[in-house]
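Contents: one structure, followed by commentary.
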Amino acid sequence: MVTADDIARQVGVALREEYRERLRRLLLQQPKEWLADELIDRLDRPAAPALGRDGARPGHRAPEAAAPGGAPDTSRAPGPPGGSPAPGDTGPPRAADPLRDPGPLGESEEDRARRRERLRACPLDRDALAERTARFASWTRERLEAEGLLHDPPARGGPPIGPENRSPAGEALLLEAKDLLYALLFGDADDGVRLDRVERELLTLTLPRAKATCLTFLLRAATGIGAVGTRRDPSGTARAEGAPDLLVQVEYGEVAGGLVGAGAAAALRLINHLEVNEEVLYGRMENIEETTAG
């Protein structure tokens, strides 16, 4: 007779295999230089002390439960761990990892409930998506400043733009852009999203780790891998090479004609203009079947 433990083991094996395959696919997309640095860094680390009977290292708290099936938490690997140093760690303090601890700017359950209410109040079909995409695409940084939605924002590539630099109309437009991005990537019929999704696509977004809280809702449902920025900008206006980035990947359903991807791109550009404040927000979209073929 099959027991609950038998079922749990079967699920655990399946989850481990899925985790390994997905992690391998993401790692294969990283720059070779970064992968080499990660490997060398791990080889240089001293061996971990033996674990106590409770599974914890001496002087450390017992670890939290692993992901189902024993698979590691994907938010921890392979990027550098976040948070404060553990007891006995003489190294410098490390910044908190926004994937695990979004901090005070993280979304609450109440925030998410209000978003779903707003989405249901404005159903999204193909016509509505085309209209919002065109409207969002018409907003440039220059137009936002000229019409007073942005006032005295920090220079592009500087810190995120805060509420003090946005008018009430700017705040409302930013909220609408985030709602559309959420609806396109995660929304379903219960959220008022009426789109006939016919294929799976993969959004890959390179986001400065320090600005990750601007898209907390995206991080909660994404696979994030810490990566060192290797971008080169001929104009010299983008952030310096080597700046810490967070690679975020999200699978979503696309409709015929690529309207979801176009809408997501327009929403991301507007969010960048109004809050993230990067010179260039790097992202790409690709068909999952094409990326996994061969």
Side-chain angles (χ1 to χ4, degrees), residues 29-31 33-34 37 79-80 82 95-99 102-103 105 132-167 169-178 180-182 184-185 202-219 222 224-250 261-286:
Q29 297 175 8
Q30 308 310 308
E33 294 81 3
W34 176 78
D37 290 342
D97 187 344
L99 273 175
L105 298 181
R132 293 180 207 179
T133 300
R135 179 161 51 86
F136 285 0
S138 71
W139 286 104
T140 63
R141 169 74 172 250
E142 292 73 21
R143 181 187 172 195
L144 290 167
E145 293 190 50
E147 298 191 17
L149 279 75
L150 283 179
H151 47 86
D152 298 322
R156 288 186 178 97
I161 298 171
E164 67 276 8
N165 300 116
R166 291 187 295 268
S167 70
E171 284 286 331
L173 186 59
L174 175 61
L175 186 65
E176 186 182 5
K178 289 185 176 183
L180 178 63
L181 183 61
Y182 180 94
L184 293 176
L185 298 180
L202 182 69
L203 165 65
T204 302
L205 181 67
T206 303
L207 187 67
R209 184 175 287 270
K211 300 180 178 182
T213 50
C214 296
L215 290 169
T216 302
F217 72 86
L218 186 64
L219 299 180
I225 291 187
V228 176
T230 56
R231 65 188 69 176
R232 287 186 172 88
D233 179 20
S235 68
T237 55
R239 292 186 303 115
E241 182 176 351
D245 287 337
L246 190 68
L247 187 70
V248 180
Q249 295 193 314
V250 180
L268 281 167
R269 280 193 295 269
L270 187 53
I271 294 168
N272 186 44
H273 291 331
L274 286 166
E275 184 174 25
V276 180
N277 197 33
E278 282 295 281
E279 185 72 24
V280 179
L281 192 58
Y282 292 85
R284 70 174 183 271
M285 297 166 186
E286 52 197 336

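The shown structure was predicted, so the numbers you read here are calculated from the model rather than taken from an experiment.
- Among residue pairs with one or both ends in residues 263-273, none qualify as salt bridge (Lys or Arg N to Asp or Glu O under 4.0 Å); sequence neighbours excluded.
- Remark: the backbone N or O of L150 is not paired with any side-chain donor or acceptor of N165 at under 3.5 angstrom.
- By the salt bridge (charged side-chain N to carboxylate O under 4.0 Å, His left out) test, E142 is found to be paired with R156, residues two or more places apart in sequence or in another chain being considered.
- Taking each heavy atom of A177 and F136 in turn, the nearest pair found is CA-CE2, 3.6 Å.
- Minimum interatomic distance between N277 and A155 (heavy atoms only, all atoms of both residues): ND2-O, 2.9 Å.
- Using a 4.5 Å cut-off on side-chain heavy atoms (C-beta onward), L268 and L215 make contact.
- By the side chain to side chain donor-acceptor pair (under 3.5 Å) test, T204 is found to be paired with Q249, residues two or more places apart in sequence or in another chain being considered.
- Residues T206 and R284 are not in side-chain contact: their nearest non-hydrogen atoms beyond the backbone lie 4.5 Å or more apart.
- Between G158 and K211, the shortest heavy-atom contact is O-NZ, 2.6 Å.
- Pairing each heavy atom of L246 with each of A212, the nearest pair is CD2-CB, 4.2 Å.
- The distance from atom CE of M285 to atom CG of L205, rounded to the nearest 0.5 Å, is 8.5 Å.
- In terms of heavy atoms, P154 sits closest to P159 at CG-O, 3.5 Å.
- The shortest distance between side-chain heavy atoms of F217 and K178 falls below 4.5 Å.
- The main-chain N or O of G170 is found under 3.5 Å from a side-chain atom of S167 such that the two form a donor-acceptor pair.
- At a threshold of 4.5 Å between non-hydrogen side-chain atoms, the residues I271 and L281 do not count as touching.
- With sequence neighbours left out, A134 forms a side-chain contact (heavy atoms from CB on, under 4.5 Å) with no residue at all.
- In this structure, CD on E275 lies 7.5 Å from OG1 on T213, to the nearest 0.5 angstrom.
- In terms of heavy atoms, S138 sits closest to R143 at OG-NH1, 2.9 Å.
- When P208, P160, C214 are each tested for a side-chain contact (heavy atoms from CB on, under 4.5 Å) with E278, only one passes: P208.
- Here R135 pairs with E131, E176 under the salt bridge (charged side-chain N to carboxylate O under 4.0 Å, His left out) rule; sequence neighbours left out.
- Under the salt bridge (charged side-chain N to carboxylate O under 4.0 Å, His left out) criterion, R166 pairs with E171, sequence neighbours left out.
- Under the 4.5 Å side-chain criterion, counting only non-hydrogen atoms from C-beta, W139 is in contact with L149.
- Here the side chains of L180 and L270 are not in contact, with every heavy-atom distance at 4.5 Å or above.
- Atoms CD1 and CG, from I161 and N272 in turn, are 8.0 Å apart once rounded to the nearest 0.5 Å.
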